[in-house]
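In what follows, a structure is listed as structure tokens, so that the remarks can point back to it.
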Amino acid sequence: MTMRRQMLVALTLIALTVNIAAQTQNDPQKARPRTTTSGEKDQKKPVTSPDRLEPDDTSRAPSDVSDEMQANRMEQMSEEAAVNPFYNNFFSTYRLGPEDVISVDVFNQERYSRKNIVVPPSGRVSLSLIPGGVFVNGKTVDEVAQIITKKYDEYIIEPQVTVSLEKASSYRYSVIGDVGQPGIRLMSHRMTVSEAIAEAGGVLNTGSKSKIVVLRRQATGVLAQIPVNLDSIYKGKAADNVFLVPGDQIVVPGNKLKTLQTIMGLTPIMSFARVFGVPVP
């Protein structure tokens, strides 16, 4: 009997051993700790496109943008920086006067908005629900917008008022590019392009005297290009007979301004021509 029991115990142990070995083979996760492979590590890392620029990565451009496109964009940004400050500063500091035309826009309030208001000699314009109107002479459009905002605050919750200059009665012209003192000037008398450039400090050594262009707004709204060869005028080979009209913009190319088509497409250039140039029927 003892021998028989020992054999039964031995068989039982063998069966248990075989069963445990089979479970281990079917479930390898219990047999050994899980390790992370290099492939799995790579999957955990965020995948970034080779063309994507991270916030701090400004050292290279996306691969699908050519060097020529990058150079053109940089040139355009340079020309915008050479033009925009003069015009933006002018429009923000321009003082309204008689015969100027302004528009008042109250956001989402057509009832209180008015278009193409001609400033009368008294300087006072009439608006809905504002007794006596608003005095605008000698004020900038931003100052007028602040006054109107305070007036309408009694009737509208947080009114958003914008005042824009649509047409200026004063005669203005601009000289931009490689000149001594670029900017916007008051036309106090009839003058030629050469006189205007002289008043702007003359052409710098980096500027081109032979490729000067006057941008003039036509009745169709298109900007016409009038070439002026100042070098020939100085040498007596060409007549100094190109006279300015209100809204003219003299472009002196050089280091600051190179691409005329880019310059003509700038918003301040178009706005200045619209406000001071020939009105479109």
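Here the structure is a predicted model, which is why all the values come from computation and not from measurement.
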Handout entry: Sidechain-backbone polar pair: Q249 side chain, I269 backbone, donor-acceptor under 3.5 Å
Key = yes

Problem - Sequence neighbours excluded, every pair satisfying salt bridge (Lys or Arg N to Asp or Glu O under 4.0 Å) that has a member inside residues 125-146 - result: R95-E143

Problem - With sequence neighbours excluded, residues passing ring-ring contact (aromatic ring centres under 6.0 Å, His included) with Y152 - result: Y112

Practice task
Report yes or no: does S113 contribute a side-chain atom to a donor-acceptor pair with the main-chain N or O of V106 at less than 3.5 Å?
Solution key: yes

Exercise for the section: Supply the atom-to-atom distance L204 CG to Q181 CD, rounded to the nearest 0.5 angstrom. Expected result: 10.0 Å

Practice task
Among residues two or more places apart or on two chains, list those pairs meeting salt bridge (Lys or Arg N to Asp or Glu O under 4.0 Å) that have a residue in residues 242-255.
Solution key: R216-D248

Problem - Residue pair E166, R274: steps toward the salt bridge (charged side-chain N to carboxylate O under 4.0 Å, His left out) verdict - result: CA-CA 8 Å; E166 302 295 343; R274 175 181 59 80; 3.1 Å; yes

Exercise for the section: State the OG1-CZ distance between T140 and F91, to the nearest 0.5 angstrom. Expected result: 13.5 Å

Fill in the blank from the handout: Residues at least two apart in sequence or cross-chain that pass salt bridge (Lys or Arg N to Asp or Glu O under 4.0 Å) with E195, listed by chain then number, are none

Problem - T192 side-chain N/O to D240 backbone N/O, donor-acceptor pair under 3.5 Å - result: no

Problem - Stacked cation flag R190 on F243, 6.0 angstrom / 45 deg - result: yes

Problem - Any donor-acceptor pair under 3.5 Å from N88 side chain to P85 backbone - result: no

Exercise for the section: Any chance you could pull the hydrophobic cluster mates of V101, using side-chain heavy atoms under 4.5 angstrom and chaining through other members? Expected result: V118

Practice task
Give every residue pair that meets the salt bridge (Lys or Arg N to Asp or Glu O under 4.0 Å) criterion with at least one member in residues 198-208, sequence neighbours excluded.
Solution key: none

